[in-house]
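Take a look at the structure below.
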Amino acid sequence: MTRRVPALALVLALAACATTPSPPESVELTVYAAASLRNALEQVEAAYEIAAPGINLVIATDSSAALRTQIEQGAPADVFLSADLGNPQQLYDAGLADGEITIFAGNTVVLIVPFDTPAAIRTPADLARDEVRIVAAGDEVPISKYISKVVYILARLAGYPADFSNAYAANVVSREVNVQAVVAKIELGEGDAAFVYQTDALASGSVRTVPIPDEANVQAHYAGVVITTSAHPEAARAFLHWLTGPDGRAILAEFGFLPPS
């Protein structure tokens, strides 16, 4: 019996090892995302790390164009979430996107002013008045393309001056690196008005919106891709799939994002 006890103990130990599940392998996914997604992605991160044990999301936000440039220069991103279709398309065309471009959300452009605005802007037509200070984003920031469409439509509506587009451009006093920086300028009173995303307006407690005519209601499309150089492409695809599913869309909707269209 004394010779068989150690052997029995060894068998029991091996059996315990065989029946005890191994903890999931920890995977770190780096997500580059448009600045307008920052608040929503904080909740997405918490929810997804519960839904996918072992996955740790590392989220970096900035202008979509700036992030796309970083990826082109070799930044180690796994997933890119852009506020437009153009930047993901550039990565796809350059062979830097693993798989198709996925539209995962929508947004709308709104006009914001400070709560206490001395410029008394009541309609977008007031943006053409002398000495109105407009804060805008840089030309490479996706919202600038959407705003160009809005201004183009407004300039052709009844009640808007014939030179509305030129007057609007002349009143731009600064161009910021992303939409959140634009909102911050308005919150600080360093501008009288700005076009931003609806989600950024909702997130601010220091601005109010001015109605835009329905004809000029331009929708933004948010799209994502898995990066070709990702060290964890399967995990990256799983996250992007989850984001477009009911759980991801529900969180985005809480922050004012629209379903993809």
Side-chain angles (χ1 to χ4, degrees), residues 32-42 59-70 81-84 86-87 105 107-155 160-161 164-213 216-220 222 255-257:
Y32 279 16
S36 52
L37 289 164
R38 179 180 300 166
N39 293 330
L41 287 182
E42 289 179 359
I59 297 172
T61 58
D62 202 341
S63 160
S64 299
L67 295 172
R68 185 254 306 159
T69 299
Q70 292 177 34
L81 304 178
S82 181
D84 67 351
N87 284 293
N107 213 336
T108 55
V109 176
V110 299
L111 178 62
I112 62 168
V113 297
F115 273 123
D116 183 16
T117 170
I121 295 171
R122 297 180 177 85
T123 76
D126 293 328
L127 299 178
R129 295 200 327 249
D130 292 339
E131 299 182 0
V132 171
R133 300 171 301 160
I134 298 172
V135 180
D139 290 338
E140 292 299 314
V141 181
I143 196 171
S144 295
K145 299 181 180 68
Y146 300 127
I147 293 172
S148 293
K149 294 179 181 179
V150 173
V151 172
Y152 178 85
I153 295 170
L154 292 174
Y160 284 77
F164 177 78
S165 295
N166 291 333
Y168 171 88
N171 283 341
V172 173
V173 295
S174 71
R175 292 193 176 275
E176 306 304 316
V177 296
N178 56 51
V179 182
Q180 290 195 335
V182 173
V183 175
K185 284 271 190 178
I186 301 301
E187 290 175 334
L188 294 170
E190 297 178 9
D192 299 313
F195 286 110
V196 300
Y197 295 121
Q198 168 75 11
T199 52
D200 290 290
L202 290 173
S204 174
S206 304
V207 303
R208 60 182 178 86
T209 60
V210 174
I212 296 177
N217 186 3
V218 172
Q219 184 169 337
Y222 283 61
F255 290 84
F257 288 95

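Panel note: side chain Thr69, backbone Ala65; a donor-acceptor pair is recorded below 3.5 Å. For Arg38 (side chain) and Ile59 (main-chain N/O), no donor-acceptor pair under 3.5 Å exists by modelled atom type. Gln180 places a side-chain N or O within 3.5 Å of a backbone atom of Ala35 that can act as its donor or acceptor partner. A side-chain donor-acceptor contact under 3.5 Å links Ser64 to the backbone of Ala83. For Asn171 (side chain) and Arg129 (main-chain N/O), a donor-acceptor pair under 3.5 Å exists by modelled atom type. At distances below 3.5 Å, not a single donor-acceptor pair connects side-chain atoms of Thr199 with backbone N or O atoms of Phe257. Side-chain atoms of Asn107 do not come within 3.5 Å of backbone N or O of Tyr222 as any donor-acceptor pair.
Heavy atoms only, all atoms of each residue included: Val135 and Gly191 are closest at CG2-CA, 3.8 Å. Nearest heavy-atom pair, Ala193 versus Ile121, reported as atom, atom and distance to 0.1 Å: CB-CD1, 3.6 Å. Residues Ile143 and Ala137 approach most closely at CG2-CB, 3.8 Å, considering heavy atoms. Residue Val109 comes nearest to Ile147 through the heavy atom pair CG1-CG1, 4.4 Å, listed as atom of the first residue, atom of the second, then distance. Nearest heavy-atom pair across Ser206 and Ser204 is N-OG, 3.1 Å. Ala33 and Leu67 make their closest contact through O-CD1, 3.1 Å (heavy atoms, listed as atom of the first residue, atom of the second, distance).
Between Leu127 and Phe195 there is a side-chain heavy-atom pair separated by less than 4.5 Å. Between Val210 and Arg122, the closest side-chain pair of non-hydrogen atoms is not below 4.5 Å. With contacts defined as side-chain heavy-atom distances shorter than 4.5 Å, the pair Leu202/Phe255 does not qualify. Using a 4.5 Å cut-off on side-chain heavy atoms (C-beta onward), Thr61 and Leu37 make no contact. In this structure the side chain of Val182 never reaches within 4.5 angstrom of the side chain of Val141, judged on heavy atoms. Proximity of Asp200 to Ser36: side-chain heavy atoms (C-beta onward) are separated by under 4.5 Å at one or more points. Using a 4.5 Å heavy-atom cutoff, the side chains of Pro124 and Tyr160 are in contact.
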Begin with the C-alpha distance, continue with both residues' side-chain angles, and end with the deciding distance and a verdict on side chain to side chain contact (heavy atoms under 4.5 Å, CB included) for Ile212 and Thr108.
CA-CA 11 Å; Ile212 296 177; Thr108 55; over 6 Å; no

Chi angles and distances behind the side chain to side chain contact (heavy atoms under 4.5 Å, CB included) call for Val196, Val110:
CA-CA 6 Å; Val196 300; Val110 299; 4.0 Å; yes

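The distance from the CG atom of Asp126 to the CG atom of Asp192 is 11.0 Å, given to the nearest 0.5 Å. In this structure, CD1 on Ile186 lies 11.5 Å from CZ on Arg208, to the nearest 0.5 angstrom. For the atom pair Asp139 CG and Ser148 OG, the distance stands at 8.0 Å (nearest 0.5 Å). Separating the CD atom in Gln70 from the OG atom in Ser63 is a distance of 9.5 Å, to the nearest 0.5 Å. Between atom CD of residue Gln219 and atom NZ of residue Lys149 there is a gap of 10.5 Å, rounded to the nearest 0.5 Å.
In terms of the salt bridge (charged side-chain N to carboxylate O under 4.0 Å, His left out) criterion, residue partners of Glu190 (sequence neighbours excluded) are, by chain and number, Lys185.
Classification of the Tyr197-Tyr146 ring pair by plane angle, with boundaries at 30° and 60°, yields perpendicular.
When the shell of 6.0 Å around CD of Glu187 is examined, it contains more than 12 heavy atoms from other residues, nucleotides or ligands.
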